[in-house]
Every structure is written in structure tokens, then in C-alpha cells.
Amino acid sequence: MNTYQNQKIKLIMALRSAGIQDMNVLNALEVIPREHFIPEEMMDQAYEDIAVPIGLGQTISQPFVVAKMTEALEVTDRHKVLEIGTGTGYQACVLSKVARRVYTIERHRPLHDVAEENFKALHIRNVTTLYGDGMKGWPTINGNDQAPFDRIIVTAAAREKPPRALIDQLHVGGIMMIPVGKPGSQILKRFKKESDDTYSIQDIMPVRFVPLLPDIDETAIRNDKRVQGA
Ligand code: SAH
């Protein structure tokens, strides 16, 4: 039996009692080894329902928040999903189990590199990564557009509202999950695009995310010791 099996079962049960009902989401969290996405010295916290530092001032999201965001996103295996804020890749990995394809953008090069290694090590083949500024959406690459997306998930908090480029890249009928607000008063919001220029907004719950920042971070040290992959 895997070292983490008991802790993992406890976590899944806790998520169910906290209200997560979507079996596809619960199964995804059950099969994904969260310890792969966490620096070695903190691996013993992999199945606690908490966010854990991953270096460069960033964190891997709390399992309940990952489960809640994925559930509220209503993803199916026909959907193409865009994620902003790859981190070490945990949320993208969860999405890869329920979506057709996942595109994910990270502004810190060392985290982007760790995420790529994690996807490779876990044989995840339907995730495409990009190092860049996710506030601008997914760019046209070699003449190829991936937008519009059926679903968009932003795992860092926008100060006031979702970036315009992301709303533009969402399909009509599509859903975007995004935390909005200042540190200490962020709310996870669910946007549904009703037409090219209208959308409905629902408040889901208070959350604590790192801020969504523009541009790439050139100052990040390439081989930050705290950032370790699988
Ligand atoms: N999705 C991750 C959470 C990572 S924390 C998980 O599953 O654990 C949020 C991440 O968003 C950080 O790594 C941060 O560097 C990144 N980020 C912040 N602003 C960004 C931007 N404009 N474009 C892309 N990534 C961004």
C-alpha cells in the first residue's frame, strides 16, 4: 500500500463531507499523487487540506479549493480548458482527468519547468504548458489559435475584475472561475458568458489566493532550491 493511502482516503472523505459531490472530481483527486507537486521537505503535508508553499512566494492550492473550483466549472471530456497560474501543475493535472485538453500558462519560468516535468513523469499527455503572461490569454502560436475555450480557470486573484482578454477568449455559454478582490477579502466568482457582451456572475465563497500579476517574472532565480519536481 502506498505510504499516503490512508491520509488520501481521509482527505477524500473530508472533501465529501465538505460538500463536494462530483464523482469525477473526487476520483481525479483520489488518483493524482499530490506529493509530486510539493517540495520534498513538505511532502508529509501533501494530504492535509491546506495550501503549501512551492517556492517563489507561490503556493499549491488547497485540495478543497481545487475540488470546488473544478466542480463549479462543470467540465466534461468534450471541453477545452484554459488555466492561468500553472504553479507546479496540480490543478492542471486534476483538470486533465476530466477535460479533453488543458492549456495552462505560468509567469515564473522555474515553476513552469517543474510543472512540465511533473506532467511528463505522470504520463499526462493532454496538457499544453506555456511560460508567459496569462492575463493576455492564450496567444496565437505559429498561426494557430486555441481560443475560444469552453472553460477558463484562474488560480491567482484579480484585483477588481477578470482580465478583458480572458473574457474575450471564453466561448459563449462558457464558464470562468476566478478569485477577485484585495488580499484578505477575495471572493471566488463564477462567470457565465451569456452572449458576446453579457455574462452572469455568482459568488461562490471567500478564498485566499496569491495575486494575479501582469507580465513574466524575469527576476526569478532559475534553479531556486525550494522548487523541486517529481
Ligand atoms: N494552479 C496552481 C496554483 C498556483 S498559485 C496549483 O494547482 O497549485 C498561482 C500561480 O499563478 C503562481 O504560480 C503564479 O506565479 C501564477 N501567476 C500569477 N500571475 C500570473 C499571470 N499573469 N500569468 C500566469 N501565471 C500567473
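By convention here, the first residue in the shown sequence is residue 1. In each ligand, atom 1 is the first atom listed, and ligand 1 is the first ligand listed.
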**Complete:** Taking only non-hydrogen atoms of L212 and a 4.0 Å limit, the atoms of ligand 1 in range are 19 (N), 20 (C), 21 (C), 22 (N)
**Request:** Please say whether R107 places an N or O atom under 3.5 Å from an N or O atom belonging to ligand 1.
**Result:** yes
**Item:** Sub-4.5 Å side-chain heavy-atom contact between H123 and R125
**Value:** yes
**Item:** Test applied, side chain to side chain donor-acceptor pair (under 3.5 Å); reference residue, T129; option that passes from E116, E83, E106
**Value:** E116
**Asked** Closer than 4.0 angstrom: is that true for some heavy atom of G132 and an atom of ligand 1?
**Response** yes
**Request:** Provide, to 0.1 Å, the distance between atom 4 (C) of ligand 1 and the closest protein heavy atom, together with that atom's residue and name.
**Result:** T59 O, 3.3 Å
**Prompt:** Which heavy atom in L122 sits nearest to a heavy atom in C93, and how many Å separate them?
**Reply:** CD1-SG, 4.4 Å
**Prompt:** If you count the atoms of ligand 1 from 1 in the order shown, which ones are under 4.0 Å from a heavy atom of P211?
**Reply:** 18 (C)
**Item:** Test side chain to side chain contact (heavy atoms under 4.5 Å, CB included) applied to R151 and L170, L82, V81, T70, the passing residue
**Value:** V81
**Request:** Inspect the contact between D203 and K189 and indicate whether a charged nitrogen and a carboxylate oxygen are less than 4.0 angstrom apart.
**Result:** yes
**Item:** Protein contact to atom 8 (O) of ligand 1 [nearest heavy atom, distance to 0.1 Å]
**Value:** S61 N, 3.0 Å
**Fill in**
Counting from 1 in the order shown, the ligand 1 atoms closer than 4.0 Å to a non-hydrogen atom of H108 are 15 (O)
**Asked** Judged by atom type as modelled, is there a donor-acceptor pair below 3.5 Å linking the side chain of D77 to the main-chain atoms of R100?
**Response** no
**Prompt:** Among the heavy atoms of K136, does any lie under 4.0 Å from an atom of ligand 1?
**Reply:** no
**Prompt:** Are side-chain heavy atoms of F191 and P162 found at a separation under 4.5 Å?
**Reply:** yes
**Item:** Structural part of L56 in contact with ligand 1, heavy atom criterion under 4.0 angstrom
**Value:** neither
**Item:** G89 N/O to ligand 1 N/O under 3.5 Å
**Value:** no
**Message:** For atom 1 (N) of ligand 1, what's the nearest protein heavy-atom neighbour? Residue, atom name and distance, please.
**Reply:** G85 O, 2.8 Å
**Prompt:** Can R34 be said to sit on top of Y47's aromatic six-ring, NZ or CZ under 6.0 Å from centre and within 45° of the ring axis?
**Reply:** no
**Prompt:** Which ligand 1 atoms does Y90 reach within 4.0 Å, using its non-hydrogen atoms?
**Reply:** 7 (O)
**Fill in**
protein heavy-atom neighbour closest to atom 9 (C) of ligand 1 works out as T155 O, 3.3 Å
**Request:** Could you find the nearest protein heavy atom to atom 13 (O) of ligand 1 and give me its residue, atom name and distance?
**Result:** E106 OE1, 2.8 Å
**Message:** To check your reading of the model: name the closest protein heavy atom to atom 23 (N) of ligand 1, its residue, and the distance in Å.
**Reply:** G134 N, 2.8 Å
**Prompt:** What atoms in ligand 1 come closer than 4.0 Å to a heavy atom of I60?
**Reply:** 8 (O)
**Item:** I54 contact mode with ligand 1 (heavy-atom cut-off under 4.0 Å)
**Value:** neither
**Asked** Should the pair H112 and Y131 be assigned to parallel (<30°), tilted (30 to 60°) or perpendicular (>60°) ring geometry?
**Response** tilted
**Asked** Taking the side chain from Q169 and the backbone from W138, do they hold a donor-acceptor pair closer than 3.5 Å?
**Response** yes
**Prompt:** Which atoms of ligand 1 are found less than 4.0 Å from any heavy atom of M135?
**Reply:** 22 (N)
**Prompt:** What part of L111, side chain, backbone, both or neither, has a heavy atom within less than 4.0 angstrom of ligand 1?
**Reply:** side chain
**Prompt:** What pair of heavy atoms forms the shortest contact from P179 to F209, and how long is it?
**Reply:** CG-CD1, 3.5 Å
**Prompt:** Tell me, which protein residue and heavy-atom name are nearest atom 22 (N) of ligand 1, and how many Å apart are they?
**Reply:** L213 O, 2.6 Å
**Fill in**
One should read off an interatomic distance between E48 CD and I38 CD1, to the nearest 0.5 angstrom, of 9.5 Å
**Message:** Looking only at protein heavy atoms, which one is nearest to atom 7 (O) of ligand 1, and what is the separation?
**Reply:** Q91 N, 2.8 Å
**Asked** Is the shortest distance from a heavy atom of A92 to ligand 1 less than 4.0 Å?
**Response** no
**Prompt:** Quick one: which ligand 1 atoms are inside 4.0 Å of a heavy atom on I105?
**Reply:** 24 (C), 25 (N)
**Fill in**
Note: Q58, heavy atoms under 4.0 Å from ligand 1, region reported as side chain
**Message:** Taking K80's backbone N and O only, do any of them form a donor-acceptor pair with R101's side chain (distance below 3.5 Å, no angle check)?
**Reply:** no
**Request:** Please examine the side chains of M177 and R190, heavy atoms only from C-beta on, and report whether any two atoms are closer than 4.5 Å.
**Result:** yes
